[in-house]
Structures are given as structure tokens and as C-alpha cells.
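Accompanying notes for the structure given below.
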Amino acid sequence: MTPPPEHRRAPAAVVLGRTADAIAAATLDEEGAELARTEVAASELSAWVAGVEQMSSPRWVWNDAPRWYGTLLADGVRVARCHDLRLCHAILRDSALVAESAAVRRDARWDAAPHAAEESSAPALFELDDTQSSVGPPGDLDEALAELTRQREAIAGSADPARLRLLLAAESAGALLAEELRAAGVPWDAREHDRILAETLGERPPSGGKPAKLVAAGDRVRAALGDPGASLDSQPKLLRSLHRVGVMVESTSRWELAEQEHPVVAPLLEYKRLSRLLSANGWTWLDEWVSEGRFRPVYVPGGVVTGRWASSGGGALQLPRQLREAVRADPGWKLVVADVAQLEPRVLAAMSSDAALAAAARGRDLYAGIVDSGAVGTRQDAKIAILGAMYGATTGQSGRLVPRLRRAYPRAMGLVDDAARTGEDGGVVSTWLGRTSPPPSGAWSAAQSHATEAEASGADETRARRWARDRGRFTRNFVVQGTAAEWALAWLADLRGRLWALPTVDADHAAPRSGPVFGSRAHLAFYLHDEVIVHTPAELADAAARAVTDAAAAAGRLLFGDFPVDFRLDVRVSDTALKD
DNA sequence: GGCGAGCGCGCG
DNA sequence: AAAGCGCGCGCTCGCC
């Protein structure tokens, strides 16, 4: 079928790059052939992108999403699709699906770290001449076009182009979403945060000193140690103080202290709890990271080798449960808080086609299903056994339970056991969609080969074996954690589209602090591995909750087709992100 | 005074 | 109880 001419001329993709004083854009057709080239003044870029987006909704191709999209969003421009060259390069470079000879593997300039996230208020972004910048991947149009060509060739020549396309689309959607999450921010009630701090630590001290309850806890510890001058914040000193009063621990970690019977233990654990809250998420954090009712963390898509996101600054991925009450919808808005129950074992069931494990998970708590199958006796045992199987536990209760799972779910356990063996042998493993683990380091390989030589000492052999097992546990977990991250990206990408399709609200119901794009509509506000928070006008909360659930089902089908595994969500509509 | 390592602990 | 995976960050301390 021949499409009408006007459709053929509509660009399938637009590649953006920079010149010394403007933006250069190339429009491409479906096959990647260049249709036209345009120059746009930097100050006009957002308006130009908005127009093209409305007309043809192309896939925007750029070197690095943070470099482009933050400013577009600040200008009120949202795009539907992109291809993030930096992120896709990293995947293709390492993927076992890609031919060894592929040119994309050999251009180290695209191995660059991401650009630091721009302040959304930075007006000079598009004025900067960063074509010569030493930070981030190459910035000019011809470089971007050349890299895109290399990537298209690598995909087309790969062992599974369809999977890779899915992975790269999901990764790129994540790149968009990371900027959107930052633009919208987590709705944060600073007064509630302050109330929690004051209740736990005592009132905020005027000049950055220690709050009263922390001081009091410290005094109780020093009294129990019989040493008014004891230093509690220095691990070596604290350890010596504990030894002096007969608490013979090897570390000062919480779990080891908790095993001890001594009057110092309770106040010390309390002191540690308060001290942690103050230093990690106290008033200093609040001042630095929350403004105008929003926490705007910096997400780093693909920041973890497995494909999980990392974060940079603000500790976005470590928000303590204690502070969830400070996550609070704007007036007239609601939060939809949803997390996946037992994501990783469900993913493992699907990727290994383990029908028995999938059946245990279907329509219920997966751990309860394992108990019902008779493999283990209690829910707690099931949880410990599953975690042990995915992490490679060999000792303790977990190590004892894993063999029972191996009998009950041989396909699932076979998959992770194979991944571990491959890693121990120095090989690489891949996720369901083709993200591949890094090869072993030079030191690792040298240690392994040295251990087989005649002059190797027993210590050499012991060390080599330990490193091999360490790597086996890493590759064992890589396939599951990485595939779970792919499922989560598919979930997010689908949800992002569903939320965008919901109606917008009138200006008098808007949440302007979520920015010009998202202030008038339900939007994603937070994402953490297997959990999302949607901030939505109250009247759309039910629709948003349905979108979250429907997106999870769609993600399961997209990755695993008809394989009968379900991804159960706990979904709550509430004013706060508090978990029960 | 800057920098990296080690510790400990928050999250999944 | 932690064990077995993946992170980021604040703190101290030794080194330069």
C-alpha cells in the first residue's frame, strides 16, 4: 500500500543537534533517510518543537534527554516519544544480541556520563555553545545522525531486532519520564515534614545545633557507658567504648547491637535512629530539596548496570517510610499510590516459563501460593527462600530453604542457577529484552587464570573461588532485577500515555506548582523500582487508578505475551503516600 | 583543605 | 535475626 504523499513527507523522526549559535534539526522518514534540514533559533526551539509535535508527533532523537527536555517542559512542551542516543548507545554497546563487529561498539565518545540536570529556570540553556563541550555525549547534528545510523545498523543486524527495539523504546520513554518527574515534582508538605521532625527529634534548634531529643538520647548512651565524654558519631571510638563496658561486638551495626543484653543498647539504637533522620532527611535536607511544595529529585535512568534507575542528590530512592506522611496531594487533588507485589519472582516465573511458579502467583500473594503448593510451610519461609534463590544465599535459613524451591520450581530455579554458573565461569548474561551484564574486570580474569597455574598458593585459589562466587551471585540477580526493571519501564511508558489521555482540568482546579505541562492533568510524581505515585485531580483519581492497573496488565502482555502470569498491584487512593 | 575508603543505614 | 542482590549519602578518618 502506498501512503498518500503528505503522509510520506511527515517526518517519522526529528534529530536535534546544535550549531555554534542555533539548533539544527533533520527530519527523517521511516527508513532513516533524511527529508529536510532546518535551523531554528535557540529561543524559538520550544515553540518550534511544540508545532512539529502537534502536527506529526515524531520520535525526537537527541544526544541526551536532560540536555533538551527539561527546558522544553519548563516552556510547557511535552513530547510523546524520543530516542535517547546516549542511553541506547550504552545498551547496544554491551548487548549480547548485537554483532561483535557492529560499529556502535567502537565509539567511546558516546560512553559519556549524562549531562547534569539543568535547573528548570536556567534560561541560558539553549544559548550555550556546547558543541565543544567536554561534558556529555557529542552535541552536533552530524554526530547525532552518524550515531543514529550506527545504532539502526546494529539493531537491524542483531539477533533479535524486535526485542532490542522494545528495550530501546522503553529506555527512551524512561528518559522522558525522568525529566517529567523532576518537572512535576513530588508534592511535599514541608509543614508536615517539620512536624514529624519536631515530634521525633524535638523542635528545630535555632542555629543548626542538635535537637533536644537527640541530645537526650546521647546523654542516656553516655550514662550507660559511664563516660560523659564518649564520642557516638565515630565508629572506632564508639566500638572501643562498647568494649570497655563489656559489649563485645565486632561492629556497631544495628543488628549486632540488638543481639546484646546491655543497658546501653536501647538508648544507642534510639540515638542512631534519631541521628540518621536528622542527617539524612532533617531540616537541612528540607531547606535544600523542598521548595514551593515540591521535592524535585534528579533521576538517573539506566544509572544501575541492571537497568534500574539511580538518583543523584536528594536521596530520592531512599525516602524513609517515616516521611511518607509529608508526601501530600495539593488541595482538591489525590495521590494514587501503587506498588507491585513480589515483582521479581513474578518476572522470574514469566521469563523462565515456569507454569508452577506462575500458578502460585496468580490472583494472590505469591508467597501464600508457594505455601499452598506445599513447597514450604509458612509465608515467611517462602519469602526467605525466594529472596535467597534470587540473591544466591548459601547459608543460614535461606540457604536451607532454597533446595525445596529447586524441587518445586525447577524451571525458574534453573534459570537463575544457570545465570550464576555463567557468571562464575566469566561469561555474560542478558535480561529478557537483551540488556547484557558487563564482562568481568581484568583483575577478576587474572585472578581466575592465575589460580589454575602451578605456582598459585592456596590463598590465591581461595580468593579466586570467592570472587567467582561473588560474580555468580551478581549475574544470578542481574537477569531477574534487570528484567524486572524492563517490566517497570514498560509499565511506566504505558501509564504515561494513559494519563496523558485523561481530560485536563480547569485553571481553578489546577496545581500550578506541578509546572505548565502537568499542573492541569493527572501525572506521575514518583517512581521507585516497583512503585509509582500519581498526583491527580480528585475527580480523576478513579480513572488514574484504573490507568495504573491497566498499564500493569499491558506491560505484562508486551513483555511476556500470553504467558499466564499476573502482576498484582496494591493500589491506594489517598491524600498522603503513607503505607498502612 | 581536598579526596577516597570504610562504615552504617535508608530504599527496592 | 541476617543471609544473598542492587543502589546513594552522611559521617569520620587517614592520607596527601
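In the text below, chain A, chain B and the rest are named by the order of the sequence lines, each starting its count at 1.
Note that A:R93 lies outside the cation-pi zone of A:W110, set by a 6.0 Å cut-off to the ring centre and a 45° limit from the axis. Both the sub-6.0 Å distance and the 45° axial angle are not jointly satisfied by A:R471 relative to the ring of A:W467.
Salt bridge A:R204/A:D287: present, at least one basic N to carboxylate O contact under 4.0 Å. A salt bridge links A:R195 with A:E192; the closest basic N to acidic carboxylate O contact falls under 4.0 Å. Ion pairing between A:R273 and A:E270 holds under the 4.0 Å rule for side-chain N and carboxylate O.
Contact between the side-chain N/O atoms of A:R254 and the OP1/OP2 oxygens of B:dC9 is not found at any separation under 4.0 Å. Contact check, A:T306 against C:dC5: no side-chain N or O comes under 4.0 Å of OP1 or OP2. Between A:T395 and C:dG4 there is a side-chain N or O to OP1 or OP2 distance below 4.0 Å. When the side-chain nitrogen and oxygen atoms of A:Q481 are compared with OP1 and OP2 of C:dG6, none of them lie within a distance under 4.0 Å. Within the structure, every side-chain polar atom (N or O) of A:K272 is placed at least 4.0 Å from both OP1 and OP2 of B:dG8.
You'll find a donor-acceptor pair under 3.5 Å spanning the side chain of A:Q397 and the base of C:dA2, going by distance alone. Contact annotation: side chain of A:R276 to base of B:dC9, donor-acceptor pair present below 3.5 Å. Not a single donor-acceptor contact under 3.5 angstrom links the side-chain atoms of A:R476 to the base of C:dG4. Judged by distance alone with a 3.5 Å cut-off, a donor-acceptor contact links the side chain of A:Q318 to the base of C:dG8.
Of the candidates C:dG6, B:dG10, C:dG4, the closest approach to any side-chain atom of A:A393 belongs to C:dG4. Comparing C:dC13, C:dG6, C:dA1 against the side chain of A:A258 picks out C:dA1 as the nearest. Residue A:S311 has its side chain nearest to C:dG8 when only C:dG6, C:dG4, C:dG8 are considered. Checking B:dC7, C:dG10, C:dG4 against the side-chain heavy atoms of A:S279 singles out C:dG10 as nearest. In the set C:dC11, C:dC5, C:dC7, the nucleotide with an atom closest to the side chain of A:F474 is C:dC5. Set against C:dC7, C:dC5, C:dA2, the side chain of A:A310 has C:dC7 as its closest nucleotide.
Atom CG in A:L269 sits about 13 Å away from atom C1' in B:dG8, given to the nearest Å. Atoms CD1 (A:I386) and P (C:dC5) sit 17 Å apart, rounded to a whole Å. Rounded to whole Å, the distance from CD on A:E256 to P on B:dG8 is 9 Å. Computed from coordinates, the A:R471 CZ to C:dG6 C1' distance equals 15 Å when rounded to whole Å. Rounded to an integer number of Å, the gap from A:Y391 OH to C:dG4 C1' is 8 Å. Regarding A:L405, its CG atom lies at a distance of 20 Å from the P atom of C:dA3, rounded to whole Å. With rounding to whole Å, A:Q322 atom CD is found 13 Å from B:dC11 atom C1'. A:L239 has its CG atom 16 Å from the P atom of C:dT12, to the nearest Å.
Relative ring orientation between A:H193 and A:W285 is described as tilted, the plane-to-plane angle lying within the 30° to 60° band. Taking the six-membered ring where the residue is Trp, A:Y299 and A:W309 present perpendicular rings, their angle passing 60° and hence far from 30°.
Anti is the glycosidic conformation of C:dG6, whose angle departs from 0 by more than 90°.
Taking the nucleotide of DNA chain C with the nearest heavy atom to each of A:Q380 and A:S234, the more 5' of the two is matched to A:Q380.
When heavy atoms are screened at a 4.0 angstrom cut-off, A:R308 is found touching base atoms of the nucleic acid. The residue A:G399 sits apart from the nucleic acid: no heavy atom pair falls under 4.0 Å. Across all strands shown, A:L319 has heavy atoms under 4.0 Å from sugar-phosphate atoms exclusively, and none from any base. Contacts of A:S398 with the nucleic acid, taken as non-hydrogen atoms under 4.0 Å apart, include base atoms. A:E259 comes within 4.0 angstrom of nothing in the nucleic acid, heavy atoms only.
Nucleotide B:dC3 has C:dG14 as its partner under the Watson-Crick or G-U criteria, with both atom distances under 3.5 Å. A 3.5 Å limit on both hydrogen-bonding distances identifies no Watson-Crick or G-U partner for C:dA3.
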